[in-house]
Every structure is written in structure tokens, then in C-alpha cells.
Amino acid sequence: VITKKLITDLTGITYDRFMNDSVLKPIGMLHSSFLQPPPANWSADLATGYNETAPVPGKYNIYPEQAPDGLWTTPEDLGRFIIEVQKSLIGKSNKILSKEMTATMLTPYIDKSAALGVFIETRGEKRYFRHGESNNGFKCEYFASLEDGYSVVVMTNSDEYNIIPEIINSV
């Protein structure tokens with residue numbers, strides 16, 4: 001919420017337009033948007049969320065907090081973001097962040113796992129960055145290697161989370 005306020009105050013551009021022009025479009029996230037509500041021509045393609053007993057009324061919620069809750073995306077587009085972060089970290093791309101800024105983003109600050117917008121996890125000898133999302137009727141998590149370019153994105157249109165770690169662990 002604070003980053004949205006800073007961006008809109010400093011640039012004079014709406015948050016959804018700034019994110020589209022500065023982040024989403026440059027890395028090829030062409031099926032993603034922070035527009036609230038989502039673009040009208042997307043309506044037929046958007047999934048219906050399901051809570052424990054029924055579909056979410058109206059298919060999905062509209063969240064006014066665009067920065068933390070407002071991204072409409074696909075697993076493929078989220079994968080494009082992950083690939084950009086991985087390439088930036090090794091100095092092969094800087095479409096949104098420099099190698100140095102990416103390294104800063106992926107460095108834990110609060111504890112061994114909490115970095116800037118992501119969590120860092122070690123499994124065996126490998127280090128990963130990950131992040132999950134939870135809105136009414138939807139759960140999502142991605143898990144991506146810091147060393148070898150592998151990643152997985154899991155999105156569900158259900159409030160049930162337990163299947164997500166099972167899928168990630170299987171991959």
C-alpha cells in the first residue's frame with residue numbers, strides 16, 4: 001500500500017499504468033494487470049474462486065490495495081517474472097532491476113528467510129526464493145532456484161492450500 005502511494009505521488013501515474021509500463025510489459029507479462037476491476041475483455045477468461053462451500057460471489061473479489069492484492073496474472077506470466085529475476089541475479093538481464101538490486105532484493109534482512117518481497121529457503125545444498133498469495137477463493141505459490149534456473153508456479157482457484165506444497169515437493 002505504501003509503495004503504491006509513493007509511486008503514484010512521485011510519478012503522477014496511476015499504479016496500474018506504472019506497473020504495466022515499468023514491470024509487466026518489459027518482461028513479457030502480457031496477460032497480467034493491476035487494474036481494478038480487471039479489464040472488461042478478460043471477464044470470460046478469469047477463473048471463479050471457490051471457498052470451502054461454494055463459489056465466491058461474483059467469481060472473485062476486487063481488492064482496493066492494488067500493490068499487495070491487485071495482480072491479475074497467469075502461471076505463465078508469473079514464470080516470466082521469475083525468469084527475469086533469475087537472469088538479473090546472474091547479470092544476464094536488467095529489464096526491471098540491475099544485478100545489484102536483484103541481489104539486494106534476494107538478501108534476507110529480518111531473519112534467515114525474509115528478504116524484500118520474497119522468502120529465501122534452503123533445501124539441501126540449494127537456495128530458493130519463493131512467495132505465496134492468498135485471496136478469497138484463490139491460493140498461489142511459486143518456488144524458484146537461486147542457482148540453476150528451475151522454478152515452479154502453482155495457482156488454484158480454491159481456498160484449500162494443502163495441495164500446493166505437495167505439488168511443489170513433487171516437482
Side-chain angles (χ1 to χ4, degrees), residues 1-50 55-107 109-110 114-120 129-144 146 149 151-159 164:
V1 174
I2 293 169
T3 59
K4 176 190 172 196
K5 178 72 172 145
L6 286 169
I7 287 169
T8 57
D9 285 357
L10 292 173
T11 67
I13 301 170
T14 63
Y15 186 74
D16 60 281
R17 175 58 42 207
F18 177 86
M19 291 301 292
N20 185 66
D21 295 348
S22 301
V23 177
L24 304 177
K25 190 174 176 183
I27 60 177
M29 293 179 70
L30 304 180
H31 302 290
S32 299
S33 176
F34 279 91
L35 189 62
Q36 299 295 337
N41 61 333
W42 289 13
S43 181
D45 294 330
L46 296 176
T48 298
Y50 289 85
V56 172
K59 289 181 64 170
Y60 46 79
N61 285 346
I62 303 298
Y63 293 94
E65 310 87 5
Q66 286 173 299
D69 292 324
L71 178 62
W72 301 94
T73 193
T74 64
E76 294 86 357
D77 271 8
L78 196 50
R80 288 178 179 90
F81 168 78
I82 293 165
I83 290 167
E84 177 61 23
V85 170
Q86 290 170 323
K87 285 182 171 181
S88 180
L89 183 62
I90 60 173
K92 290 191 173 184
S93 185
N94 66 348
K95 292 177 183 171
I96 52 176
L97 293 176
S98 68
K99 179 180 179 178
E100 295 76 23
M101 285 301 298
T102 302
T104 299
M105 179 184 112
L106 297 171
T107 300
Y109 288 93
I110 297 173
L116 299 176
V118 298
F119 295 95
I120 306 301
F129 65 101
R130 66 178 182 79
H131 194 279
E133 184 58 63
S134 177
N135 286 331
N136 184 27
F138 298 91
K139 299 285 186 263
C140 169
E141 188 159 353
Y142 69 78
F143 201 84
L146 286 165
S151 65
V152 61
V153 176
V154 181
M155 291 183 159
T156 70
N157 60 329
S158 168
D159 275 337
I164 293 177

K.L.:
Of the non-hydrogen atoms in Phe138 and Ala47, which two are nearest, and what is the gap between them?
P.N.:
CZ-O, 3.5 Å
K.L.:
Kindly determine whether Val1 and Glu65 satisfy side-chain contact (heavy atoms from CB on, under 4.5 Å), including the steps that lead there.
P.N.:
CA-CA 6 Å; Val1 174; Glu65 310 87 5; 3.9 Å; yes
K.L.:
In Å, rounded to the nearest 0.5 Å, how long is the span from CG of Leu146 to CD of Gln86?
P.N.:
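One finds 8.0 Å between CG of Leu146 and CD of Gln86.
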K.L.:
So do Trp72 and Leu35 actually touch side chain to side chain, heavy atoms under 4.5 Å?
P.N.:
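No, too far: nothing below the 4.5 Å cut-off.
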K.L.:
Measuring from atom NZ of Lys4 to atom CG of Asp16, what distance do you get when rounded to the nearest 0.5 angstrom?
P.N.:
8.5 Å
K.L.:
Hey, what do you get for CG (Leu89) to CE (Met101), rounding to the nearest 0.5 Å?
P.N.:
13.0 Å
K.L.:
Please find the pair of heavy atoms, one from Ala144 and one from Ile82, that lie closest to each other, and give the distance.
P.N.:
CB-CG2, 3.4 Å
K.L.:
Would you mind reporting whether Asn157 and Tyr60 have side-chain heavy atoms less than 4.5 Å apart?
P.N.:
no
K.L.:
Side chains of Asn20 and Phe34, heavy atoms from C-beta outward: is any pair under 4.5 Å?
P.N.:
no
K.L.:
Can you tell me if Lys95 uses its side chain to pair, donor with acceptor, with the backbone of Glu84 under 3.5 Å?
P.N.:
no
K.L.:
Which heavy atom of His131 sits nearest to which heavy atom of Val118, and what is that distance?
P.N.:
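Scanning both residues completely, I find the closest heavy atoms to be CD2-CA, 4.4 Å.
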K.L.:
A side-chain contact here means heavy atoms from C-beta on lying under 4.5 Å apart; do Glu133 and Asp69 qualify?
P.N.:
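Yes, side chains in contact.
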K.L.:
Taking all non-hydrogen atoms of both residues, which atom of Thr73 and which atom of Met155 are closest, and how far apart?
P.N.:
CG2-CE, 3.4 Å
K.L.:
How long is the gap from OH on Tyr15 to CD1 on Ile7, to the nearest 0.5 Å?
P.N.:
5.0 Å
K.L.:
On a heavy-atom basis, which atom in Ser43 and which in Lys59 lie closest, and how many Å separate them?
P.N.:
O-NZ, 3.0 Å
K.L.:
Quick one: are Val154 and Glu141 in side-chain contact, heavy atoms under 4.5 Å?
P.N.:
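No, too far: nothing below the 4.5 Å cut-off.
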K.L.:
Which heavy atom in Thr102 sits nearest to a heavy atom in Ser88, and how many Å separate them?
P.N.:
OG1-OG, 2.6 Å
K.L.:
When you look at CG of Leu10, are more than 12 heavy atoms from neighbouring residues, nucleotides or ligands closer to it than 6.0 Å?
P.N.:
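Yes, CG of Leu10 has more than 12 neighbouring heavy atoms, counting only those of other groups under 6.0 Å.
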K.L.:
Looking at CG of Leu24 and CG of Asp77, how far apart are the two atoms once the value is rounded to the nearest 0.5 Å?
P.N.:
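Answer for the CG-CG pair, Leu24 versus Asp77, is 8.0 Å.
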K.L.:
Measuring from atom CD1 of Ile83 to atom CD1 of Ile27, what distance do you get when rounded to the nearest 0.5 angstrom?
P.N.:
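It is 9.5 Å, given to the nearest 0.5 Å.
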K.L.:
Hey, does the side chain of Ser22 reach the backbone of Met19 with a donor-acceptor pair shorter than 3.5 angstrom?
P.N.:
no
K.L.:
Kindly determine whether Asp159 and Asn136 satisfy side-chain contact (heavy atoms from CB on, under 4.5 Å), including the steps that lead there.
P.N.:
CA-CA 7 Å; Asp159 275 337; Asn136 184 27; 3.7 Å; yes
K.L.:
Could you check whether any side-chain heavy atom of Phe143 comes within less than 4.5 Å of a side-chain heavy atom of Ile164, counting everything from C-beta outward?
P.N.:
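A side-chain contact is absent here, since even the closest heavy-atom pair is not under 4.5 Å.
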K.L.:
Kindly indicate, with the supporting measurements, whether the criterion side-chain contact (heavy atoms from CB on, under 4.5 Å) is fulfilled by Trp42 and Ser33.
P.N.:
CA-CA 10 Å; Trp42 289 13; Ser33 176; 3.5 Å; yes
K.L.:
Going through the checks in order, is the side-chain contact (heavy atoms from CB on, under 4.5 Å) test met by Asn135 and Asn61?
P.N.:
CA-CA 8 Å; Asn135 286 331; Asn61 285 346; over 6 Å; no
K.L.:
Donor-acceptor check, side chain of Gln36 to backbone of Gln66, threshold 3.5 angstrom: yes or no?
P.N.:
no
